[in-house]
Student: 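Just dropping this structure here.
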Amino acid sequence: FLRGLSIDGVYKYLLERLDLLVPTLKELKENRTFRIDSTFYDKQANEYDLLIRSKAHYFIPEEQVVSGPFGSSLTSDAYRTSGVPFIRIEDIKGGYTINQDEMIYISEEDNSRLKSSQMLEDDIILSKVGNSIGFYARVDEKIGHCNISENNIGIKLGDMPRERKHFILVYLNSKYGKLLTNRRRSGNAQPKLNVFDVAEIPIPAMSADFETMISKLVLEAYFLEKQSEDKQKAAMDLLLNTLGIDSWKPVEKNTSVRSLKDITKRGRIDAEYYADKYDELLEKLSTFDCRELGAIVTTHKSIEPGSDAYQEAGIPFYRVANITESGLCETNTFLEEARYYTDELGLKKDRILFSKDGSIGIAYKIRKDEKAITSGALLHLEVEAKDILPDYLAVVLNSLIVKMQAERDAGGSVIQHWKPDEIEKVTIPVVDGAVQEEIASLMREGFTLKDRSEELLKKAKAAVECSIGEGEAEAVRRCLGE
C-alpha cells in the first residue's frame, strides 16, 4: 500500500496514526514558552482547542489571572485561627469546592497589603504546582472574600454575570478544560503552570439561557453540600455533647512537672508532649469505656510506588491530598493495574482510611468497594469490634479527641508523621450503641446529600461537554431534560 504513495504521502499516512502533532516553525514562535514536547502537542488536546476556537469563544484577560504572593511576603507566622480565609494548595481537592476542613486565616491588615491576590465570591482558584493542577474551585458564599497562597492561581471574574462565572467553573472542570489546562503543565517531578497559561485557554461562548441552567445546577449542588456538612457537624456535636466536652476548653500552661520514671516509660523528652491539656482530655474521657485503637481495628497498609510509576490513565491512585472527612476527591494520578493492583490493596466498604503523614489524622469511612489503590500514607482500618460502628469510629477519629492525641505524638515536626505503633495506642471512647446508631444515621444522611450534590455537578458537566460537541439544544434535550 505504501509503495504507491509519495514521500509526503507516506509521511502524512504515518503521522495520522500518531497521537501527537508535528508543529510548524510559525506555531513554535507563537508559543510563549517555546514548548516542543509531546504533551503540549497532544493530538486530542489540539482537536479540542481547534473545536472551541472554531466557534464563538473568548479568553479570560491576563490581568484578571493572578498568582499568590511570594513566600517571603507572607510566612506561616502570619497564620491565624480566624480572620480572612487563606486558601492553600491543600485546600483545592477535586475541583468545584474549596475544602474547609483545615482552613487557616490571615489578618485583615495582611489581606489589605496583599491586594493583588485578593479574591471575591464566585472567583475561581486552582493550584499551579503539583498533581492537583487542573482542578478549579469556586470561592463560595461561606468563604466570601479571601486570599491565596503562592502555589495557587486566582481567576478574578469581576463584574461578568454570575451565571457566566458558574458556567466557566464547570467548563474548566470538564474534559475540555482539564485537557487544555494539563497540556500547558511543564516539568516532570513537580509539574507547574504559569499564570498566562490560564489566560490562553479558549472558553466557548454560550447563550445566557444555557448559562442560567448550568448556574442553577451549581447553586443547587452547593446548597445540598452545605446541608451535608450540617448533618456531619450535627453528628460531631452529638459525639462531643455525649462525652461532655462540647464546651470544654483545656487549660493552657507553660510548664508541666513530670517524674523521670514517667519520661522513661513514655520515651519522650520534648516538653510539648507533656502539656497538661492532654492529660486533662484523657481524664475527662476516663468515665467512659475507653480502648486503644489497636484493640478495635486491624490495620492494613498500602504501597508507595514512587512518582515514576504515575500515569495519566489506569487504576486510580489516591494520596493524602485526595482525602477529606467526607470523601475521596477526584485524582489526576493513576497506576498500571497489572503491575500494582491486588484485591487486598483495593478499597473495601466499611474500612476507614486514616492519614498518618502530611495532613495527619483525617479519617474517611469507605462507602463502597472500589478498584483503586491508596498511598502508603493512608492506613486502611478494618473494624473488628462488634459493638463499634464504622461510621461512629470515623467521627471519633476526626474529632478533637484524636486530633489532640495526634498533636501530642507528632510533636513539632516540620514534616508531620504519625507512627503506626503510636496510632494503635490512641484512646477511643466507646458510647452507648443507641447513640452510636444516631451518629451513624446522621453521617449516612449527610453522605446521601453529598451524593445528590455530586450528581448535579456531573449533570452540569455532561451538559457543558455536550453543548460544545453537539450544540446547546441537544445538551438541553439530552442532559438537562428540558
Student: Tell me, do E141 and L219 make a side-chain contact under 4.5 Å, heavy atoms counted?
Tutor: yes

Student: For atom NZ of K216, decide whether the heavy atoms of other residues, nucleotides or ligands shown that lie under 6.0 angstrom number more than 12.
Tutor: no

Student: Taking the side chain as every heavy atom from C-beta outward, state whether I468 and E465 have any atom pair closer than 4.5 Å.
Tutor: no

Student: Please determine whether the number of non-hydrogen atoms from other residues, nucleotides or ligands lying under 6.0 Å from atom CD of E283 exceeds 12.
Tutor: no

Student: Atom CD of E121 and atom SG of C146: how far apart are they, to the nearest 0.5 Å?
Tutor: 10.5 Å

Student: Got a donor-acceptor contact below 3.5 angstrom from the N173 side chain to the V170 backbone?
Tutor: no

Student: Can you tell me how far OG of S228 sits from CD of Q232, rounded to the nearest 0.5 angstrom?
Tutor: 4.5 Å

Student: Please assess L381 against L397 for the test side-chain contact (heavy atoms from CB on, under 4.5 Å), listing each intermediate value before the final yes or no.
Tutor: CA-CA 11 Å; L381 308 180; L397 290 171; 4.0 Å; yes

Student: Check the pair D197, K128 against salt bridge (Lys or Arg N to Asp or Glu O under 4.0 Å), reporting the backbone distance first and the verdict last.
Tutor: CA-CA 10 Å; D197 286 323; K128 70 176 183 181; over 6 Å; no

Student: Answer yes when R444 and E437 have at least one side-chain N-carboxylate O distance shorter than 4.0 Å, and no when they do not.
Tutor: yes

Student: List the atom of F354, the atom of A363, and the distance in Å for their closest heavy-atom pair.
Tutor: CD1-CB, 3.7 Å

Student: Looking only at side-chain N and O atoms, does Y392 offer a donor or acceptor that is under 3.5 Å from a partner on E438?
Tutor: no

Student: Any carboxylate oxygen within less than 4.0 angstrom of a Lys/Arg side-chain nitrogen, looking at K226 and E229?
Tutor: yes

Student: Could you tell me whether E108 and R80 make a salt bridge, using a distance below 4.0 angstrom between a side-chain N and a carboxylate O?
Tutor: no

Student: Between R53 and D49, does any NZ, NE, NH1 or NH2 come within less than 4.0 Å of an OD or OE carboxylate oxygen?
Tutor: yes

Student: Which heavy-atom pair separates V66 from K156 by the least distance, and what is that distance?
Tutor: CG2-CE, 4.1 Å

Student: If you apply the rule side-chain contact (heavy atoms from CB on, under 4.5 Å), what do you find for N147 with M119, and how did you get there?
Tutor: CA-CA 6 Å; N147 217 302; M119 309 300 292; over 6 Å; no

Student: For V320 and A377, work out which heavy atoms get closest and say how close.
Tutor: CG2-CB, 3.5 Å

Student: Measure the CE-CZ distance between M404 and R408 for me, rounded to the nearest 0.5 Å.
Tutor: 9.0 Å

Student: Can you tell me how far the NZ atom of K356 sits from the CD1 atom of I423, to the nearest 0.5 Å?
Tutor: 7.0 Å

Student: Can you say whether the rings of F317 and Y310 are parallel (under 30°), tilted (30 to 60°) or perpendicular (over 60°)?
Tutor: tilted

Student: Atom CD in E325, atom OH in Y364: separation rounded to 0.5 Å?
Tutor: 12.5 Å

Student: Looking only at heavy atoms, what is the nearest atom pair of D350 and P390, with distance?
Tutor: O-CB, 3.6 Å

Student: Would K93 and D91 pass as an ion pair if we require N to O under 4.0 Å?
Tutor: no

Student: Is the closest side-chain heavy-atom distance between L393 and I296 below 4.5 Å?
Tutor: yes

Student: When you look at T427 and E292, which way does the side-chain contact (heavy atoms from CB on, under 4.5 Å) test go after all the steps?
Tutor: CA-CA 5 Å; T427 298; E292 290 188 350; 5.7 Å; no

Student: Could you tell me whether K458 and E455 have a side-chain N and a carboxylate O separated by less than 4.0 Å?
Tutor: yes

Student: May I ask you to test the I60-V65 pair for a side-chain heavy-atom distance under 4.5 Å?
Tutor: yes

Student: Please round to the nearest 0.5 Å and tell me the distance separating atom CZ of R185 and atom CD1 of I133.
Tutor: 6.0 Å

Student: Decide yes or no for P204 and F167: does some side-chain heavy atom of the first lie under 4.5 Å from some side-chain heavy atom of the second?
Tutor: yes

Student: Should Y48 and Y176 be marked as a ring pair (Phe, Tyr, Trp, His ring centres under 6.0 Å) after you check the CA-CA gap, both sets of side-chain angles, and the distance that decides it?
Tutor: CA-CA 6 Å; Y48 284 176; Y176 294 99; 4.5 Å; yes

Student: State plainly whether the residues R162 and D122 are in salt-bridge range, i.e. N to O under 4.0 Å.
Tutor: yes

Student: Pairing donors with acceptors under 3.5 angstrom, does anything connect the side chains of Y96 and E225?
Tutor: no

Student: Does the side chain of Y222 come under 3.5 Å of the side chain of S453 through a donor N or O and an acceptor N or O?
Tutor: no

Student: Within a radius of less than 6.0 Å around CZ of R88, do more than 12 heavy atoms belonging to other residues, nucleotides or ligands occur?
Tutor: yes

Student: Please answer whether the main-chain N or O of A394 pairs with a side-chain N or O of N398 as donor and acceptor at a distance below 3.5 Å.
Tutor: yes

Student: Between E200 and R184, is the side-chain contact (heavy atoms from CB on, under 4.5 Å) condition met? List the steps.
Tutor: CA-CA 10 Å; E200 294 185 353; R184 295 182 175 277; 3.0 Å; yes

Student: Regarding R138 and D123, does a basic nitrogen lie under 4.0 Å from an acidic carboxylate oxygen?
Tutor: no

Student: Checking side-chain hydrogen bond (donor to acceptor under 3.5 Å, both in side chains) for the pair Y318/T333: CA distance, chi angles, key distance, verdict?
Tutor: CA-CA 7 Å; Y318 296 110; T333 307; over 6 Å; no

Student: Would T299 and H380 count as having a side-chain donor-acceptor pair, cut-off 3.5 Å?
Tutor: no

Student: Counting heavy atoms not belonging to K301, are there more than 12 under 6.0 Å from its NZ?
Tutor: no

Student: Might you point out which heavy atoms bring S467 and M206 nearest each other, and give the distance in Å?
Tutor: OG-CE, 3.2 Å

Student: What I'd like to find out is whether the side chain of K233 reaches to under 4.5 Å of the side chain of D237, using heavy atoms alone.
Tutor: yes

Student: Is R113 paired with E109 through a side-chain N to carboxylate O contact shorter than 4.0 Å?
Tutor: no

Student: Give the ring-plane orientation class for Y79 versus F86, where under 30° counts as parallel, over 60° as perpendicular and anything between as tilted.
Tutor: tilted

Student: Output yes when K231 and E445 qualify as a salt bridge under the 4.0 Å nitrogen-oxygen rule, no when they do not.
Tutor: yes

Student: Going by the angle between their ring planes, with limits at 30° and 60°, are H57 and F59 parallel, tilted or perpendicular?
Tutor: perpendicular

Student: Tell me whether the count of non-hydrogen atoms from other residues, nucleotides or ligands lying under 6.0 Å of CZ in F223 goes above 12.
Tutor: no

Student: Taking all non-hydrogen atoms of both residues, which atom of N152 and which atom of S127 are closest, and how far apart?
Tutor: OD1-CA, 3.5 Å

Student: Kindly indicate whether the side chain of K425, heavy atoms from C-beta on, has any atom under 4.5 Å from the side chain of D409.
Tutor: no

Student: Are T287 and L243 packed together at the side-chain level, in the sense that at least one heavy-atom pair is separated by less than 4.5 angstrom?
Tutor: no

Student: Answer yes if the side chains of D101 and T324 hold a donor-acceptor pair under 3.5 Å, and no otherwise.
Tutor: no

